[in-house]
Amino acid sequence: LFGQHKGGKLERLKAALCFSGNFAIALTNPPTVIRTFKVWSQLQELREKNNGKLPALLRNGTLIQVPEGRYQGTWRVASIQDNSESGPLVDMVAPYVVGVPRKDKASKRNVRVSSLTSAHMEVLKSRYTGVSLCPTTPSTSRAKA
């Protein structure tokens, strides 16, 4: 129960952190679920297996672009699950959806990560200005004087 570091804030408060869910999915071959316990050591191990480079990670809130297939479009990862039979799964919602994913066109539940990678999924870099959702219009507009 006690970590490697003594005299920390949680020890002083006689408290503990309770984690629920998984930290991320590393997009390795095959995809690997990273648990919330000792994340740094799991990431270090993945980096060593990948020639010193950290693989792409899917976390809650990550934006992804799927260019083809059944899940074509831009999605936000809403949750991560690990299924022993079918491998890592994600719940995805449209980027503009707030809250818990429902069963409608703006959300997809229990999507296999393997099906997303076979559809050439791309993890989008986060920007403060957002991501252009329409491929025909530019993401920035210029004001006319």
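Every value quoted in this text rests on a predicted model; they were computed, and no experiment measured them. One is the number of the first residue; the rest follow in order along the sequence.
When the side chain to side chain donor-acceptor pair (under 3.5 Å) test is applied to D104, the partners found at least two apart in sequence or on another chain are S107. Here Q81 pairs with S79, D91 under the side chain to side chain donor-acceptor pair (under 3.5 Å) rule; sequence neighbours left out. Residues meeting the side chain to side chain donor-acceptor pair (under 3.5 Å) test with T28, sequence neighbours left out: T32. Looking at residues two or more places apart in sequence or on another chain, you find a side chain to side chain donor-acceptor pair (under 3.5 Å) between D82 and R35. Among residues two or more places apart in sequence or in another chain, the salt bridge (Lys or Arg N to Asp or Glu O under 4.0 Å) test is passed with R47 by none. Considering only residues two or more places apart in sequence or on other chains, P31 meets the side-chain contact (heavy atoms from CB on, under 4.5 Å) condition with I25, P88, V113. Among residues two or more places apart in sequence or in another chain, the side-chain contact (heavy atoms from CB on, under 4.5 Å) test is passed with S86 by N83, L89, R112. K14 meets the side-chain contact (heavy atoms from CB on, under 4.5 Å) test with no other residue; sequence neighbours excluded.
Using a 4.5 Å cut-off between side-chain heavy atoms of Ile, Leu, Val, Met, Phe, Trp and Tyr, I34 falls into a hydrophobic cluster with F23, V39, L43, L46, L54, L57. Grouped with F37 in a hydrophobic cluster is no other residue, since no side-chain heavy-atom contact under 4.5 Å to another Ile, Leu, Val, Met, Phe, Trp or Tyr is found.
Distance alone, capped at 3.5 Å, places no donor-acceptor pair between the Q72 side chain and the V66 backbone.
In this structure, T36 and N22 approach most closely via the heavy-atom pair CG2-C, 3.8 Å. The shortest non-hydrogen separation linking W75 to A94 is CE3-N, 3.8 Å. Listed here is the closest heavy atom pair of L63 and P95: CD2-CB, 4.1 Å. Closest heavy-atom contact between P55 and A26: CG-CB, 4.1 Å. When every heavy atom of L27 is checked against every heavy atom of V123, the shortest pair comes out as CD1-CG2, 3.7 Å.
Between T74 and L124, some side-chain heavy-atom pair lies under the 4.5 Å cut-off.
For residues 48-68, the salt bridge (charged side-chain N to carboxylate O under 4.0 Å, His left out) pairs, not counting sequence neighbours, are E45-K49.
The one candidate from K108, R109, R76 that meets the side chain to side chain contact (heavy atoms under 4.5 Å, CB included) condition with M92 is K108.
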